[in-house]
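Naming convention: chains lettered A, B, ... in sequence-line order (proteins, then strands); numbering from 1 in each chain.
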Amino acid sequence: MEVIYKKPESLKDEVTTYCPGCGHGIIHRLIGEVIDELEIREKTIGVAPVGCAVLAYNFFNFDVTESAHGRAPAVATGIKRLLPDRIVFTYQGDGDLAAIGTGEIIHAAARGENITVIFVNNAVYGMTKGQMAPTTLPGMKTTTTIEGRNIKIHGYPLKVCELLSQIDGVFYLERTAIDSVQSIIKTKSAIKKAFQNQIENKGFSLIEILSPCPVNWKMTPVQSLNYIKEVMSKYFVPGVYKNKGGE
Amino acid sequence: MKKYLLTGCEAGAEASIHAGCKFYAGYPITPQNRFPEYMSKRLPEEGGVFIQAESEISAINMVFGASVCGFRALTSSSSPGISLKQEGISYLCGCELPAVIINMNRGGPGLGDVTPSQSDYFQATRGGGHGDYRTIVYAPWTVQELYDLTYLAFDISDKYRNPVLILADGIIAQMMESIKFKRRKKRLPEKKWALTGCKGREPNSIKSLFLTPGVLERHNWRLYKKYQKIEAKEVKYEEYFCQDAEFLIVSFGTCARISYESVKILRKKGKKIGLFRPITLWPFPYKQLEKTMGKMKKIFVIEMNLGQMIDDVKIVNRKNLPIYFYGRPGGGVPTSEEISRFIQLYLVGERR
Ligand SMILES: Cc1ncc(C[n+]2csc(CCOP(=O)(O)OP(=O)(O)O)c2C)c(N)n1
């Protein structure tokens with residue numbers, strides 16, 4: 001019998017620590033598939049964030065380092081500059097990348113570091129159990145905005161792709177979602193593009209992925225997917241925000 | 001042997017290059033701006049990487065990345081910048097990554113000023129970051145010693161997989177002295193733990209998070225054993241005129257250098273005084289100091305702060321000797337006459 005579907009070699013055979021319906025597992029798998037397909041597993045170095053994905057080294061079957069909260073782009077810079085022929089990526093949540101680590105991501109982008117950034121936007125702080133994130137939508141309820149995010153008090157969400165698109169050092173920016181099979185396939189090709197860019201020495205690529213967090217959104221997994229489609233995607237509109245390579 | 005006239009910053013930079021350092025990240029701050037300026041030119045010439053980071057937080061994390069993949073890496077700064085690096089230093093300790101961090105101490109707290117100080121002794125020796133950790137701390141008193149200790153720091157840091165701090169100050173940073181270079185390091189230790197891509201081996205990971213109950217406690221005990229080994233093996237100190245001394249100055253770094261002159265002044269006046277100079281502030285030379293103090297009648301602690309190292313001197317003062325403190329905080333630098341005058345006040349009534 002022919003095996004037509006199996007675990008990528010880039011993923012370990014591990015029991016998941018993610019909650020039911022969480023998007024991190026899907027995104028891990030997409031990264032694993034892409035790294036297998038590009039045959040770069042043995043030269044990839046991942047930088048894990050502080051957030052739910054801090055345990056990424058338990059799941060990825062290649063070299064992975066932890067980094068302090070928000071500092072992954074600085075850590076990746078150190079690695080990539082010294083090992084320019086290795087493939088270096090960061091995997092970061094919205095609190096990690098767009099709140100505490102805003103300085104690090106903006107300046108890694110401005111320097112045009114030849115790295116790949118996988119930015120998982122789930123609109124909340126998952127690991128600390130559901131506080132407001134810089135990407136929490138107006139009106140969205142979290143444990144620190146129990147009446148819903150009030151822009152008069154809590155300010156506006158940060159649109160990371162739009163923000164970074166103004167930076168000359170950025171080569172590629174795309175926002176995708178994982179709320180349907182179609183969008184998951186699209187996300188995979190975006191991730192692949194971001195890694196390919198690095199292999200071809202094109203420079204800084206970031207893929208923002210709208211991802212469900214049912215437990216902290218207090219929704220079922222199916223409701224979460226609908227929420228991404230109906231609400232989140234309206235505020236954080238999917239699309240290619242920058243492509244210096246044209247097309 | 002050829003000699004070179006260099007500032008402390010330049011000497012520290014050359015020492016790191018000679019020790020095989022291939023990565024520097026930093027952020028400008030007086031009085032150590034010459035450090036990144038010099039490195040920005042020299043390191044690329046040597047095939048290394050220089051990055052001017054957007055902050056000291058980013059700089060220490062770039063160094064973290066460089067260390068993760070097995071390279072010798074350095075950052076330098078001065079007090080406010082070193083405060084920002086504390087998170088990174090804690091992570092380096094937790095992850096057991098080598099790195100060398102140079103602090104050209106200036107006056108604080110807050111923005112303070114840009115003049116030399118020894119006010120970061122507590123931060124350096126007690127750990128300014130979170131968690132139960134230790135960093136090895138060297139306190140040079142000349143430009144040559146800054147060179148020598150920086151050169152050594154890379155080996156010690158690799159040996160123990162632990163960051164090493166150099167605590168100097170604005171005087172040593174900016175003063176020019178003629179120094180001798182050491183041989184360039186050619187063969188560096190192999191680092192099997194480094195992340196280089198998992199070709200031909202199982203994947204490596206670097207981490208400081210241990211969620212399984214009991215595992216972090218074991219990790220801490222393991223670190224403790226390492227720290228004990230460092231305490232047993234890496235203590236450095238020097239004694240001057242202690243053979244026949246009845247009175248002892250304890251002082252480190254620049255302040256020890258000034259105190260050394262005070263000892264000479266007092267010796268000329270027939271006072272039997274000596275100087276004890278810790279070179280490693282951690283591990284502190286407790287045993288050695290206790291032994292030397294055993295022969296003394298009075299102790300004088302001289303620092304460019306309001307009294308920090310004095311706590312370590314008190315720890316070994318089992319005989320309850322009188323300890324007199326003279327300190328100049330906030331960028332104040334004592335003269336040797338000033339110190340000897342202070343000491344003489346307390347030697348009144350002593351024979352000789
Ligand atoms: C310096 C610091 N501040 C705060 C925390 C606590 N903390 C851990 S994860 C996290 C937020 C993570 O949220 P996000 O980046 O959105 O990732 P997610 O968990 O949602 O995947 C916070 C605040 C920390 N570990 N370190």
Side-chain angles (χ1 to χ4, degrees), chain A residues 9-12 17 35 39-51 54-88 90 100-111 113 115 127, chain B residues 22-25 27 43-44 47-73 75 84-92 94-95 97 99 129-130 193-212:
Chain A
E9 198 189 352
S10 292
L11 288 187
K12 288 180 187 163
T17 41
I35 287 177
E39 296 178 354
I40 52 172
R41 188 184 74 86
E42 291 183 330
K43 57 176 189 171
T44 294
I45 301 170
V47 184
V50 171
V54 59
L55 297 171
Y57 38 71
N58 287 350
F59 307 119
F60 288 130
N61 189 25
F62 44 76
D63 284 3
V64 179
T65 182
E66 199 177 287
S67 60
H69 198 16
R71 319 297 175 214
V75 173
T77 297
I79 298 172
K80 184 68 185 183
R81 291 285 188 108
L82 286 163
L83 298 174
D85 62 341
R86 274 2 102 85
I87 302 303
V88 182
T90 70
I100 198 165
T102 324
E104 281 75 11
I105 194 66
I106 286 181
H107 286 277
R111 287 190 304 270
E113 297 296 341
I115 59 171
M127 196 187 209
Chain B
K22 284 282 177 269
F23 189 88
Y24 175 96
Y27 185 86
L43 204 47
V49 174
F50 166 88
I51 303 182
Q52 181 171 329
E54 68 273 21
S55 70
E56 288 85 352
I57 297 177
S58 187
I60 190 81
N61 282 286
M62 289 175 182
V63 163
F64 182 101
S67 184
V68 157
C69 51
F71 287 84
R72 289 193 160 180
T75 183
L84 285 184
K85 291 185 198 292
Q86 294 305 323
E87 178 200 46
I89 294 171
S90 166
Y91 273 77
L92 287 165
C95 294
L97 289 171
H130 60 283
W193 49 264
L195 306 196
T196 52
C198 62
K199 196 172 165 77
R201 60 162 167 79
E202 286 298 302
N204 284 341
S205 64
I206 299 285
K207 58 178 181 173
S208 62
L209 177 78
F210 303 97
L211 289 175
T212 312

Q: With a 4.5 angstrom heavy-atom cut-off, is it the side chain or the backbone of B:I60 that approaches chain A, or both, or neither?
A: neither

Q: Please state whether the side chain, the backbone, both or neither of A:I45 comes within less than 4.5 Å of a heavy atom of chain B.
A: side chain

Q: Quick one: pull up CZ in A:R86 and CZ in A:F62 and give me the separation to the nearest 0.5 Å.
A: 15.0 Å

Q: Any idea which of A:L55, A:V88, A:N61, A:T44 has the most non-hydrogen atom pairs under 4.5 angstrom with chain B?
A: A:N61

Q: Mind checking the CG-OH spacing from B:N204 to A:Y57? Nearest 0.5 Å is all I need.
A: 13.5 Å

Q: So what's closer than 4.5 Å to chain A heavy atoms on B:T196: side chain, backbone, both or neither?
A: both

Q: Does A:R71 reach the main-chain N or O of A:I100 with its side chain, forming a donor-acceptor pair under 3.5 Å?
A: yes

Q: Who wins among B:S90, B:A59, B:A25, B:S205 for the most heavy-atom pairs under 4.5 Å with chain A?
A: B:S205

Q: Identify which of A:L83, A:T77, A:L82, A:V64 forms the greatest number of heavy-atom pairs closer than 4.5 Å to chain B.
A: A:L82

Q: Is the side chain of A:E66 donor-acceptor paired with the backbone N or O of B:L209 at a distance under 3.5 Å, no angle test?
A: yes

Q: Counting neighbours of NZ on B:K199 that are heavy atoms of other residues, nucleotides or ligands and sit closer than 6.0 Å, is the number greater than 12?
A: no

Q: Given a strict heavy-atom distance threshold of 4.5 Å, which part of A:V50 is in contact with chain B: side chain, backbone, both, or neither?
A: side chain

Q: Tell me whether A:E113 is salt-bridged to A:K80, with the criterion being a basic N under 4.0 Å from an acidic carboxylate O.
A: no

Q: If you count heavy-atom pairs within less than 4.5 Å of chain A, which of B:N61, B:L211, B:V68 leads?
A: B:N61

Q: What residue in A:D63, A:V47, A:V54 has the most heavy-atom pairs under 4.5 Å with chain B?
A: A:D63

Q: Mind checking whether B:F64 and B:Y91 have parallel, tilted or perpendicular rings, split at 30° and 60°?
A: perpendicular

Q: Is it the side chain or the backbone of A:R111 that comes within 4.5 Å of chain B heavy atoms, both, or neither?
A: side chain

Q: Please state whether the side chain, the backbone, both or neither of A:I40 comes within less than 4.5 Å of a heavy atom of chain B.
A: neither

Q: How many angstroms lie between NE2 in A:H107 and CD in B:Q52, if you round to the nearest 0.5 Å?
A: 11.0 Å

